[in-house]
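Step one of this worksheet: look at the structure below.
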2 protein chains.
Amino acid sequence: MKNHHRSVKVLRRGDLAKLTGCNLETIRYYENIGVMPEPPRSSKNYRVYDDRHVARLRFIMRARELGFTLDEVRDLLALVDGGAQTCGEVQGLANAHLASVRAKIADLKRIEHVLSSTVAQCSGDDVPECPVIDALTEVA
Amino acid sequence: MKNHHRSVKVLRRGDLAKLTGCNLETIRYYENIGVMPEPPRSSKNYRVYDDRHVARLRFIMRARELGFTLDEVRDLLALVDGGAQTCGEVQGLANAHLASVRAKIADLKRIEHVLSSTVAQCSGDDVPECPVIDALTEVA
DNA sequence: CTTGAGCCTGTACCAGCTACAGACTCTAGA
DNA sequence: TCTAGAGTCTGTAGCTGGTACAGGCTCAAG
């Protein structure tokens with residue numbers, strides 16, 4: 001038992017990465033841009049994390065998975081940290097983000113439609129005439 | 001009549017930008033990365049464009065609008081320029097791209113679902129309990 | 001005591017542009 | 001003819017959201 005005088009193992013950057021599945025370097029990046037707090041350092045200048053850092057990083061990663069930008073994540077975190085945050089404010093951010101997600105879906109659907117209807121006209125043969133190229137070339 | 005000895009007005013970079021709606025700097029960028037050809041230069045080192053440059057830039061812009069990456073655009077252009085291009089090859093590229101567009105749509109729909117169902121639980125009040133924050137915080 | 005793993009820092013790189021500085025040139029009006 | 005402003009030239013830096021490496025320290029096991 002080497003840690004008999006310290007019952008809780010400290011988390012270093014690599015541990016945090018493994019626990020969350022986040023890339024090691026990304027953690028430092030998040031710290032640099034201010035979405036992760038600067039953790040305390042050990043005597044040898046190693047970052048020392050705890051459970052709250054794990055929770056915060058998971059929060060960030062989940063928000064990123066849902067397509068929030070890092071700026072939006074910062075806003076969400078500020079509301080969370082603010083203590084005085086209200087459901088209404090968070091709802092506002094989430095709704096704004098939802099609208100942009102829906103706009104992206106609409107864009108991509110339009111693109112999908114153009115692509116699929118164009119490709120459907122392809123003969124797939126060795127012929128030089130190609131409806132895809134035509135569609136791209138057309139001034140329309 | 002200043003151009004009496006040259007009936008066709010030459011296009012400079014700004015003209016090409018206006019004709020296509022492309023950003024002025026983007027034209028130079030496309031030249032640097034090799035999707036636009038290096039145009040001939042005037043005696044004073046100004047780029048001189050013609051109709052074919054206009055057509056090519058429109059092609060690139062249309063492909064970009066459809067979500068092709070610049071690498072994919074390069075491939076498409078190589079097939080177009082190759083002369084021996086076949087409909088089948090182009091169809092292959094377009095189909096691969098269509099698949100990635102569909103994958104993005106699926107991702108975004110999943111995100112939309114999570115967001116909208118979460119936001120729907122919001123009271124929108126001044127209360128500190130927020131289902132959006134809960135959803136982001138949950139380890140799930 | 002050595003060896004490898006892990007951590008530290010700063011910096012460079014990716015896409016796909018956009019913008020700006022500083023120098024040159026062209027064009028239209030006075 | 002002169003001059004002011006617009007256009008062009010080059011290289012380079014910035015943006016987002018990371019990723020990756022070099023060069024140096026430190027730590028733990030054999």
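Keep in mind that this is a model prediction, so the values were computed, not measured. Keep in mind that the numbers below use all heavy atoms, side chains included, and drop hydrogens, waters and symmetry copies. Here is the naming used below: chain letters follow the sequence lines, and residue numbers restart at 1 for every chain.
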Whether [X] contacts [N] is assessed here as follows: a side-chain N or O lying under 4.0 Å from the phosphate OP1 or OP2. Is that the case?
| X | N | value |
| --- | --- | --- |
| A:Y29 | D:dT19 | no |
| A:R12 | C:dC8 | no |
| B:N23 | C:dA19 | yes |
| A:T26 | D:dG17 | no |

Interatomic distance, [X] [atom1] vs [N] [atom2] [rounded to whole Å]:
| X | N | atom1 | atom2 | result |
| --- | --- | --- | --- | --- |
| B:M36 | C:dC17 | CE | C1' | 15 Å |
| A:I27 | D:dA20 | CD1 | P | 14 Å |
| A:E65 | D:dG18 | CD | C1' | 15 Å |
| A:R74 | D:dG18 | CZ | P | 12 Å |
| A:E31 | C:dG10 | CD | P | 11 Å |
| A:Y49 | C:dG6 | OH | P | 16 Å |
| A:I33 | D:dC15 | CD1 | C1' | 13 Å |
| B:R13 | C:dC26 | CZ | C1' | 16 Å |

- Message: Under 4.0 Å between a side-chain nitrogen and a carboxylate oxygen: does that hold for B:R28 and B:E31?
- Response: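 Looking at B:E31 together with B:R28, the answer is no, because their closest N to O distance does not fall below 4.0 Å.
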- Query: Charged N to carboxylate O under 4.0 angstrom, A:D15 versus A:K18?
  - Reply: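 A salt bridge is absent here (no side-chain N lies under 4.0 Å from a carboxylate O).
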Is the closest side-chain heavy-atom distance between [X] and [Y] below 4.5 Å?
| X | Y | answer |
| --- | --- | --- |
| A:L57 | A:M61 | yes |
| B:Y49 | B:I27 | yes |
| A:L77 | A:V73 | yes |
| B:V132 | A:H97 | no |
| B:R52 | B:P37 | no |

Got a list of protein N/O to nucleotides 21-23 of chain D N/O distances below 3.5 Å?
residue	atom	partner	partner atom	Å
D:dC21	N4	A:E25	OE2	3.1

- Hey, which of these two, B:D15 or B:N32, hits DNA chain D nearer its 5' end, going by closest nucleotide?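 Result of the comparison: B:D15.
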- Message: Take a 6.0 Å sphere around CZ of B:R41 and say whether it holds more than 12 heavy atoms from other residues, nucleotides or ligands.
- Response: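 Atom CZ in B:R41 is packed in, count exceeds 12.
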- Item | salt bridge (Lys or Arg N to Asp or Glu O under 4.0 Å) between B:D107 and B:K104, intermediate numbers included | CA-CA 5 Å; B:D107 271 2; B:K104 273 182 206 146; over 6 Å; no
- Item | Positions of residues 40-48 of chain A (non-hydrogen atom under 4.0 Å from DNA chain D), listed by number |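 Within residues 40-48 of chain A, the residues near DNA chain D are A:K44, A:Y46.
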